[in-house]
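Both backbone and side-chain heavy atoms feed into the values below; hydrogens, waters and symmetry mates do not. Convention: sequence-line order gives letters A, B, ...; per-chain numbering from 1.
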Amino acid sequence: MKYDFTAIEAKWQKRWLEQSLYKAETGGEKEKFYALIEFPFPSGVGLHVGHARPYTAMDVIARKKRMEGYNVLFPMGYDAFGLPTENYAIKNHIHPRTVTERNVGTFRSQLQALGYSFDWDREVNTTDPSFFKWTQWIFLQMFKRGLAYKAKMPVNWCTSCKCVLANEEVVEGVCERCGSPVVRKERSQWMLGITKYADRLIDDLEGLDYPERVKTQQINWIGRSYGAQVRFGTTLGDDITVFTTRPDTLFGATYMVLSPEHALVQQWMPHLENADEIKAYQALAAAKSDMERTELSKEKTGVCLKGVMGINPVNGKEIPIFISDYVLATYGTGAIMAVPAHDTRDWEFAKKFGLPIVEVIAGGDVEQAAFTDVTTGTLVNSGFLDGMSVAQAKKAIVAWLEEKGIGEAKKNFKLRDWVFSRQRYWGEPIPVVHCEKCGTVALPESELPLLLPDVESYELTDDGESPLASITDWVNTTCPCCGGPARRETDTMPQWAGSSWYYLRYMDPHNDQALASPEALKYWSPVDWYNGGMEHTTLHLLYSRFWHKFLYDLGVVPTKEPYAKRTSHGMILGEGGIKMSKSRGNVINPTDVIREFGADTMRTYIMFIGDFEKPASWASNSVKGCKRFLDKVWSLAESVEDRETQYSKANENMMHKTIRKVSSDIEQLKANTALAQLMTLVNQMGEKGCNRAELKTLLQLLSPFAPHMADELWEQKGFEGICSVSAWPAYDEAKCKDAELTIAVQINGKTKGTVQAPADLEREALAQLVQADERIQKAIARVGTNVVKTIVVPNKLVNLIVK
RNA sequence: GCCGUUGUGGUGGAAUAGGUAGACACCCGUGACUUAAAAUCACGUUCCUUCGGGAGUACCGGUUCGAGUCCGGUCAGCGGCACCA
């Protein structure tokens, strides 16, 4: 019979679905295994090969775990709120819900065409009211505990999306999504207090099975640093509080810098001699976009505040105060003490403005460059700190500051609170109302979900208001508190909201009493293995860890951390290692590959392509190689006619070795070498034959990669049940051993040849066997006469040192 | 600049713990089958070679009987952060 993959794949996909073959049951005897992949945003272009790599990898793992007897939860859903859908809807005058439904339909059928073993009864969609009811519920819990709050502050404003962005969404000063410039705007926004969890988000990483680079990237993003907060007096009476990680250099502080936005600047304005100059500088700084700030980072600028001086608390010296945009309003206190001798930025600024540079740590040449080494120097010109090391001086000065009441030890973070509101239509409505009498009031939980109003138009407004603001029927409501007139919040949540907790919903997706039942949460938590992209390390991964910890504090979830293990896949690039993009025309559509070669070939190739964690480039030629391999398996299977139940002598050793290698390689995400081993096995079977017992094992080992073919051949050959839910084959360690081995022979460390030897030969015997070999003797003679030393690695190698 | 990461044939990539570098594929070449092509099968395929061998895992050096693997330095690519005091 011909290998008609189109018919076979359709047949089995239908059967798996009808039988709910991969359904996960909450509870039971089996050990649970929760395998998770990042759910896709259902875009209009459909699934691309970038999805297929992580999805196939986790499907292989889920399938193998299932065959090993685990109760596997492997779910899928759609992260369907978001700007691209809304923009498409606006452009084409369709409702975003319609667009979403259509795109989800495409994605679902593409996912099914790839033969993934999802439990389709647990599918979720973030735009489904029964789902976002609970997104809103979690928000309300945060609001009630002061973790969601409204604040007027400078925010990132995307000039094209006409919408605010979280810090995490700004990449190199432009919008992460559309690449348009981002500017700063003063706006009242909903914020989530992620900084309250900063310490725990760092500390709880310990013990998690995450790649080291993911951990360090999160740690760096959160940016915890230890130092001191110090109050400097001024000649106008008000104190300036600064944060510094180098309190040991306090004696070297020769001037101060405030950020242009600092409140004291406004307050002092009437007393300042150069107010016009200062205002001009403030205006200039405010007009700069983030990108411009970055670009202009080389040359320091600033203005001295004339009419006020700071007072260094350690020596009482009066020092000038500047404003400069190299000091950020949003970090620390928005003000610094400048120590030009030991800070590169301060040094540059001091050189430009001719300010004194006072060395307080000996060890460098502070006229040439700032000396920033904290490990070697000794304190000088620093009164009671003189002679101490940096570490000693830090302790001593902090103790001194605390004693005098002018400063204290302090810890700071780069992480900012999460700007959580978006001025767009296609997102979860924020479930609060604004009442003149009662202020901002939470909607009662009984009124959830708060649905989006169905409207004709959700065009953007130019004044930066959400499209919802113009829908007066919906906006005007009554206050749940006093019954008086009130207005609904018109901003919606960002796309990251639904994905911050979706993995919990999979555990119990149809529950209408809670986001998931306590039993289901207890049974399935935590996610055992979560694979996703590196690009989500400081976005989704950080956000969802934060929400999870909040839910843990509420007593909703039973674990501190959502994901026990995290892995990351490399990107799939186009032919020749170039990024796939529409404009280059090198985008590979999985559907085309499936049509031409079949899903099993697509799956096998995407797993064979290379190291899973590294980027890999698509090679159409190599796809053919994988098709050839599956064709070989097909014809090999067809040729098997016997009724053997034992492995043949010729193949036994190879069978056991293959089971061992495939089993462990899958577990380590090394599907490429697992497949290489299977290819080697099939090549050997081509020579030495394949009996029924061997075929059975081969199909089982192949099943995670090419499940359609495995199930089909299994059925055709009359094996019992269904291959993809049969019991994973076992191997015998003893039978993995070779009877005879190839021993490498080196002379003076260089490999000169090989010798066949029985396994487990004694060192002495092996050395003698090697030296008895004629070719080896010749090789020895070429180098010298005497074997002065022999190094033997049993079963591996003999190295002869010849003089 | 800082943090992380990677450099292996014409290509994708293999090589637990230092122990035969190039598994498994792709491409290419030769042959078989065919009227022919495709497909399939067989053989070859790191480079140099006076056919004895020699060189070789980005580059320079070190440790070792032995280094793709460990250590020091240099160069290049990729990802992240980017005035975080």
key: B:G62: syn or anti, per glycosidic angle within 90° of 0   = anti
inquiry  = Could you check B:G52 for me: syn (within 90° of 0) or anti?
reply    = syn
Contacts of [X] that satisfy salt bridge (Lys or Arg N to Asp or Glu O under 4.0 Å) - sequence neighbours left out:
X        : value
A:Asp346 : none
A:Lys351 : A:Glu367
A:Asp760 : A:Lys737

query = Is the A:Phe322-A:Phe349 ring centre distance short of 6.0 angstrom?
reply = yes
Taking only side-chain nitrogens and oxygens of [X], does any of them come within less than 4.0 Å of OP1 or OP2 of [N]?
X        : N     : answer
A:Lys624 : B:C27 : yes
A:Arg628 : B:C27 : yes
A:Ser225 : B:A85 : yes
A:Asn683 : B:A23 : no
A:Thr751 : B:A21 : yes

ask   = Do any N or O atoms from the side chain of A:Arg603 and from the backbone of A:Pro704 form a donor-acceptor pair under 3.5 angstrom?
value = yes
Donor-acceptor contact present, side-chain A:Asp417 to main-chain A:Thr195, <3.5 Å = yes
When you measure only distances, ignoring hydrogens and angles, does the side chain of [X] come within 3.5 Å of the base of [N] through a donor and an acceptor?
X        : N     : answer
A:Asn799 : B:C65 : yes
A:Gln746 : B:G19 : yes
A:Lys300 : B:C83 : yes

Which part of the nucleic acid, if any, lies within reach of [X] when heavy atoms closer than 4.0 Å are counted: base, sugar-phosphate only, or nothing?
X        : result
A:Thr754 : base
A:Ile801 : sugar-phosphate
A:Lys215 : nothing
A:Gly625 : sugar-phosphate

key: Candidate pair A:Lys627 and A:Glu596, rule salt bridge (charged side-chain N to carboxylate O under 4.0 Å, His left out), full reasoning   = CA-CA 10 Å; A:Lys627 175 66 164 48; A:Glu596 195 177 347; over 6 Å; no
Given [options], the nucleotide with the shortest approach to the side chain of [X]:
X        : options             : value
A:Asn621 : B:G19, B:C27, B:A85 : B:C27
A:Met679 : B:A85, B:C27, B:C24 : B:C24
A:Leu328 : B:A85, B:C65, B:C24 : B:A85
A:Asn220 : B:G80, B:C3, B:A85  : B:C3

Roughly how many Å apart are [M] and [N], using the [atom1] atom of each and rounding to a whole number?
N     : M     : atom1 : value
B:G13 : B:G80 : C1'   : 26 Å
B:A17 : B:C27 : C1'   : 35 Å
B:A15 : B:U57 : C1'   : 11 Å
B:C26 : B:U45 : P     : 16 Å
B:U8  : B:G77 : C1'   : 15 Å
B:G56 : B:U6  : P     : 25 Å
B:C65 : B:U49 : C1'   : 29 Å
B:G72 : B:A55 : P     : 28 Å

B/S/- contact track for nucleotides 4-15 of chain B, protein heavy atom under 4.0 Å = S-------BSSS
remark   = Once base and sugar-phosphate atoms are separated, protein heavy atoms under 4.0 Å mark nucleotides 68-73 of chain B, 5' to 3', with B, S and - as ------
ask   = Given pairs defined as Watson-Crick or G-U wobble with both distances under 3.5 Å, what dot-bracket annotation applies to RNA chain B, with ( ) intrastrand, [ ] crossing, | other strand and . unpaired?
value = (((((((..(((......[....))).(((((.......))))).(((....)))..(((((..]....))))))))))))....
inquiry  = Could you measure the distance from the CG atom of A:Asn651 to the NE2 atom of A:His656? Nearest 0.5 Å is fine.
reply    = 11.0 Å
remark   = Separation between CD1 (A:Ile801) and CG (A:Asn748), nearest 0.5 Å, reads 5.0 Å
query = Does the salt bridge (charged side-chain N to carboxylate O under 4.0 Å, His left out) test come out yes or no for A:Asp209 and A:Arg566, once each step is laid out?
reply = CA-CA 6 Å; A:Asp209 187 1; A:Arg566 169 85 178 183; over 6 Å; no
ask   = With the threshold set at 4.0 Å, does a side-chain nitrogen-carboxylate oxygen contact exist between A:Glu733 and A:Arg660?
value = yes
Measure from [atom1] on [X] to [atom2] on [N] and round the result to the nearest Å.
X        : N     : atom1 : atom2 : value
A:Trp221 : B:C3  : CH2   : C1'   : 14 Å
A:Leu630 : B:U40 : CG    : P     : 13 Å
A:Asp665 : B:C24 : CG    : C1'   : 12 Å
A:Tyr3   : B:A39 : OH    : C1'   : 16 Å

ask   = Which pair of non-hydrogen atoms, one from A:Asp611 and one from A:Asn672, has the smallest distance, and what is that distance?
value = N-ND2, 3.7 Å
note = Taking for A:Ile336 and for A:Ala744 the nucleotide of RNA chain B with the nearest heavy atom, the one nearer the 5' end belongs to A:Ala744
Comparing A:Asp631 and A:Ile791 on RNA chain B - which has the more 5′ nearest nucleotide = A:Asp631
ask   = A:Phe243 vs A:Tyr331 aromatic rings, parallel, tilted or perpendicular, using cut-offs 30° and 60°?
value = perpendicular
ask   = Does NZ or CZ of A:Lys411 fall inside the cone over A:Tyr226's six-membered ring, less than 6.0 Å from its centre and within 45° of the axis?
value = no
